[in-house]
Number of protein chains: 2
Amino acid sequence: MSVRSLCLAILAFGDATGYEIRKESTEGRFSYFDDASFGSIYPALARLEAEGMVTVREEQQQGKPARKVYSITDKGRSEFIASLCEPQAPDTFKSPFLLIALYAEELGPDVIRRALNRRRDQVIAELKQIEGSAEDCHQHQGSKWIRDYGLAYMNFTLDYLDKHGDDLVRIARDEPQHPQQAAE
Amino acid sequence: MSVRSLCLAILAFGDATGYEIRKESTEGRFSYFDDASFGSIYPALARLEAEGMVTVREEQQQGKPARKVYSITDKGRSEFIASLCEPQAPDTFKSPFLLIALYAEELGPDVIRRALNRRRDQVIAELKQIEGSAEDCHQHQGSKWIRDYGLAYMNFTLDYLDKHGDDLVRIARDEPQHPQQAAE
DNA sequence: GGACACATGTAATCGGTTACATGATTAC
DNA sequence: GTAATCATGTAACCGATTACATGTGTCC
């Protein structure tokens, strides 16, 4: 998913500034779709405006710098909805943690335990974040569904880690470098 | 994860050609870590050789074009193992499917049903692939652990989709465009 | 006769990140 | 004083994809 589509998706939810779009893409609901940095968002927004997909209004603020609030146009909204109707690309899961797990035999139990804890902390952080976003979906059905999905998914992961993490540590321990060691 | 590290990771498992590395990265065990295309793999391999991380031998074949088989060196292996010992980057899950789910209210039940089926098919395909790779881990503990993880994760997803997919279809159905419609 | 698997590689292009540039306000 | 939050934007750079280029054998 490109930054362009991401901006459109977020603006289809409501007006936002470039700054807010970035926040929503790294935290919040939209972190399931893509991360984006300022360096890609601002140019994307400018291009979308030139194409007539969004409009801007500048809002002066006391003390703070002026903010540019973007709104999606009908044209932008229909392009976005049309893009959702096309067959979606496959979901992806990329896991640096599983790479460590794959090489557990060569890594020593301490490294494995740390990797496990790190992954666990990540999951707990995501869980807290989802739990904290309850207001977002007091009425919005779609938000509620994906929130429940995220909750179930993270709880599954946490549970799996807790139940099978020790097995992974044991793989590292049992085979510190020389497989035959324990064969007496 | 860069293509460079991906090549090192795959070669740490055993000798391979650029062609095989690509296959392993898009299918197989390594699809959890990163996808890579030929255009990035071949240059990466050449660079790794120049750096002394891998060695090459050319194998002539009858009929087929010659293949360049790469092997990891001690230097390459220790760089790779060292990289696994550093704190890992967070795991990511990117879901075009959830984006459709988020906008279910605006999409109509047919579109939702199709997205659900598509996601379901993807999961089943991944499940079959994991099940088909049983030989890879008849003895290798790390492979077995991540295989079991993948199996559990995919089965969880399949189960969730089957149990809650109808709710999502209902969100689309109940609110075709005008919220008040059913209010008598 | 056409598509696909095997097999390697380069060049054009693109999409994105990182660092830079600027600047006020608030909290520690 | 110094870090963080708010706020926008550009330029250099980089990593990767896509398309191109080449060629054989096999299956339908």
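Only this structure's heavy atoms are used, side chains among them; waters, hydrogens and symmetry mates stay out. Residue numbering restarts at 1 for every chain, and letters A, B, ... go by the order of the sequence lines.
Side-chain atoms of B:Lys68 lie closest to C:dG9 of the nucleotides C:dG9, C:dG16, D:dA16. In the set D:dG9, D:dT8, C:dA7, C:dA7 carries the atom at the smallest distance from any side-chain atom of B:Pro65. Picking from C:dG16, C:dA5, D:dG9 the nucleotide with the shortest atom distance to the side chain of A:Tyr42 gives D:dG9. Listed nucleotides D:dG9, D:dA7, C:dT8 differ in distance to B:Phe38; the shortest reach to its side chain belongs to C:dT8.
The environment of A:Gln139 atom CD is sparse: at most 12 non-hydrogen atoms of other residues, nucleotides or ligands sit within 6.0 angstrom.
Here A:Ala46 lies out of heavy-atom contact (under 4.0 Å) with every strand. When heavy atoms are screened at a 4.0 angstrom cut-off, A:Gly39 is found touching base atoms of the nucleic acid.
At least one side-chain nitrogen or oxygen of A:Thr17 sits closer than 4.0 Å to the OP1 or OP2 atom of D:dT8. A close approach under 4.0 Å does not occur between any side-chain nitrogen or oxygen of B:Lys23 and OP1 or OP2 of C:dA7. Look at A:Ser40 and you'll find a side-chain N or O under 4.0 angstrom from OP1 or OP2 of C:dT17. Here A:Gln61 does not reach the OP1 or OP2 of D:dC6: none of its side-chain N or O atoms lies under 4.0 Å away. In this model, the phosphate group of D:dT17 is approached by a side-chain N or O of B:Ser37 to a distance below 4.0 Å at OP1 or OP2.
Across the protein-nucleic acid pair, B:Glu58 atom CD and C:dT8 atom P stand 9 Å apart, rounded to whole Å. The nearest whole Å value for the distance from the CD atom in A:Glu27 to the C1' atom in D:dC6 is 13 Å. Remark: C1' of C:dG23 and OH of A:Tyr19 are 14 Å apart, rounded to the nearest angstrom. Regarding A:Leu45, its CG atom lies at a distance of 14 Å from the P atom of D:dA7, rounded to whole Å. When the C1' atom of D:dA7 is taken as reference, atom OH of A:Tyr70 falls 12 Å away, rounded to whole Å. For B:Gln60 and D:dG23, the CD to P distance is 16 Å, given to the nearest whole Å. Between the CG atom of A:Leu48 and the C1' atom of C:dG15 there is a distance of 15 Å, given to the nearest Å. Rounded to whole angstrom, the span from the CD1 atom of B:Ile21 across to the C1' atom of C:dG9 amounts to 15 Å.
Less than 6.0 angstrom separates the ring centroid of A:Phe156 from the ring centroid of B:Phe156. Proximity of the aromatic rings of A:Tyr103 and B:Phe13 is defined here by a centroid distance below 6.0 angstrom, and this criterion is met. You'll find the ring centres of B:Tyr153 and A:Tyr153 inside the 6.0 Å limit.
Residues B:Pro96 and A:Gln88 approach most closely at CB-CB, 4.0 Å, considering heavy atoms.
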